[in-house]
Undergrad: 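Handing you this structure, nothing more for now.
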Amino acid sequence: ELFFFYYLITFFLVFIFLGVLVSTNTLIGQNYNTKKKAPAKESSKFTEKLWYGGGVNLGFGADEYTSAFSLGLSPMVGYKFTPDFSIGPRVGFSFSNYRFKNQSKIDKIATFDLAGGVFARYKFFNVVFAHVEFDLTRNQYAYYNNLTRQLEKISQNGQDAFVGLGYNSGMGSFGTELYILYNLIADQNTISQPFEFRFGITYKF
């Protein structure tokens with residue numbers, strides 16, 4: 001299994017290197033053509049190479065004693081070094097509200113999760129893309145304290161390193177996307193799955 005992850009990481013590193021190499025060659029070619037021709041006004045601006053995206057997470061769960069509602073937003077911006085290869089920042093905000101039936105009363109508590117990092121993408125066939133991402137996270141967890149008999153929360157800092165594939169399609173400049181990621185450095189001492197499914201909307205991707 002470890003060899004599989006090593007090969008996977010190597011693949012994506014080579015993948016990113018090739019994307020950077022292609023973009024570098026493109027810039028060199030543009031400079032060469034510029035030297036041969038008369039100086040011309042730059043045709044593309046920085047903002048014209050940007051694309052925007054974001055996802056929304058909405059969840060609800062309940063059992064006999066507890067209920068939880070969560071809402072998350074994750075905006076992102078990518079810069080196109082080439083039409084297919086892009087790099088940019090991504091941030092995530094998540095709010096969760098917990099209710100717990102504690103004998104004759106209802107305890108409530110809210111938690112907040114924050115994440116921020118960078119990602120790289122490369123498109124295949126205009127609709128399929130590879131995605132790599134590194135994030136720093138600060139998560140809060142709610143739990144029931146048997147000593148105080150109340151809901152409490154604890155904060156924990158962490159890191160995520162995702163690799164995965166996705167599909168993006170749409171009409172015009174707007175598109176919708178669905179992709180699956182695997183966390184290469186997920187904590188093995190928790191019951192949380194290392195896979196993450198994401199759905200979002202993009203503009204000019």
Side-chain angles (χ1 to χ4, degrees), residues 4-57 72-94 114-137 159-185 194-205:
F4 170 76
F5 293 137
Y6 291 150
Y7 284 126
L8 193 61
I9 294 173
T10 302
F11 170 77
F12 278 100
L13 289 177
V14 172
F15 189 70
I16 294 176
F17 173 76
L18 291 176
V20 175
L21 184 62
V22 170
S23 63
T24 302
N25 289 336
T26 301
L27 292 175
I28 293 176
Q30 291 176 349
N31 292 335
Y32 178 75
N33 292 332
T34 302
K35 291 180 181 179
K36 294 179 61 177
K37 299 178 182 180
K41 186 177 180 179
E42 188 176 355
S43 59
S44 61
K45 298 180 181 179
F46 176 82
T47 55
E48 294 176 350
K49 294 184 178 182
L50 295 178
W51 65 269
Y52 308 89
V56 178
N57 300 324
L73 299 175
S74 54
M76 59 196 303
V77 180
Y79 178 83
K80 296 181 180 179
F81 288 90
T82 72
D84 297 324
F85 179 72
S86 58
I87 295 178
R90 179 183 181 274
V91 295
F93 311 91
S94 179
L114 300 175
V118 294
F119 70 90
R121 278 191 181 185
Y122 192 88
K123 287 196 295 185
F124 302 92
F125 314 118
N126 292 324
V127 292
V128 180
F129 61 88
H131 184 103
V132 295
E133 179 180 323
F134 179 80
D135 295 324
L136 297 177
T137 63
Q159 300 177 1
D160 295 321
F162 293 107
V163 295
L165 295 173
Y167 178 82
N168 185 292
S169 65
M171 298 292 292
S173 298
F174 289 92
T176 58
E177 64 181 17
L178 177 66
Y179 53 114
I180 179 174
L181 302 176
Y182 183 85
N183 190 354
L184 295 173
I185 56 176
F195 291 97
E196 183 171 308
F197 293 89
R198 293 181 183 174
F199 173 80
I201 300 175
T202 58
Y203 177 66
K204 293 185 177 181
F205 176 55

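Along the sequence shown, residues are numbered consecutively beginning with 1. This is a predicted model, so every value here is computed, not measured.
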Undergrad: With sequence neighbours excluded, tell me which residues meet side chain to side chain donor-acceptor pair (under 3.5 Å) with Q159.
TA: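 With sequence neighbours excluded, Q159 shows a side chain to side chain donor-acceptor pair (under 3.5 Å) to no residue whatsoever.
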
Undergrad: Evaluate the side-chain proximity of Y79 to I87: yes if any heavy-atom separation is below 4.5 Å, no if none is.
TA: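 When only atoms from C-beta onward are counted, Y79 and I87 do not touch, as no gap falls below 4.5 Å.
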
Undergrad: Nearest 0.5 Å please: distance from the CG atom of L165 over to the OH atom of Y182.
TA: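 Answer rounded to 0.5 Å: 15.0 Å.
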
Undergrad: Could you grab the distance from atom CG of D160 to atom CD1 of I185, nearest 0.5 Å is fine?
TA: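 Those atoms lie 6.0 Å apart.
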
Undergrad: Ring-plane angle category for F205 and F129, please: parallel below 30°, perpendicular beyond 60°, tilted otherwise.
TA: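 Taking F129 first and then F205, their aromatic rings stand perpendicular (interplane angle over 60°).
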
Undergrad: Who are the side chain to side chain donor-acceptor pair (under 3.5 Å) partners of N168, not counting sequence neighbours?
TA: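 Counting only residues at least two positions away or on another chain, N168 forms a side chain to side chain donor-acceptor pair (under 3.5 Å) with E177, T202.
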
Undergrad: Are any side-chain N or O atoms of N183 and backbone N or O atoms of F162, one a donor and one an acceptor, separated by less than 3.5 Å?
TA: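 Between the backbone of F162 and the side chain of N183 there is no qualifying donor-acceptor contact (under 3.5 Å).
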
Undergrad: Taking the ring of Y122 and the ring of F124, is the distance between their centroids below 6.0 Å?
TA: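 F124 vs Y122: aromatic centres under 6.0 Å.
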
Undergrad: Nearest 0.5 Å please: distance from the OG atom of S86 over to the CG atom of L50.
TA: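 Nearest 0.5 Å value for the OG-CG distance: 10.0 Å.
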
Undergrad: Step through the shown structure and confirm whether more than 12 heavy atoms of other residues, nucleotides or ligands are within 6.0 Å of CD1 on I201.
TA: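 Atom CD1 in I201 is not crowded, with 12 or fewer foreign heavy atoms closer than 6.0 Å.
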
Undergrad: Testing F119, Y203, F174, F81 for ring-ring contact (aromatic ring centres under 6.0 Å, His included) with W51, which one passes?
TA: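 By the ring-ring contact (aromatic ring centres under 6.0 Å, His included) criterion, W51 pairs with just one of F119, Y203, F174, F81: F119.
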
Undergrad: Answer whether the closest heavy-atom distance between the side chains of M76 and R121 falls below 4.5 Å.
TA: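 Yes. Closest side-chain heavy atoms under 4.5 Å.
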
Undergrad: Looking at every non-hydrogen atom in both residues, tell me the closest pair between L178 and R198 and how far apart they are.
TA: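 Heavy atoms only, the tightest pair is CD1-O, 3.2 Å.
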
Undergrad: Check R90 against D135 and note the closest heavy-atom contact, atom names and distance.
TA: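 Shortest heavy-atom contact: NH1-OD2, 4.3 Å.
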
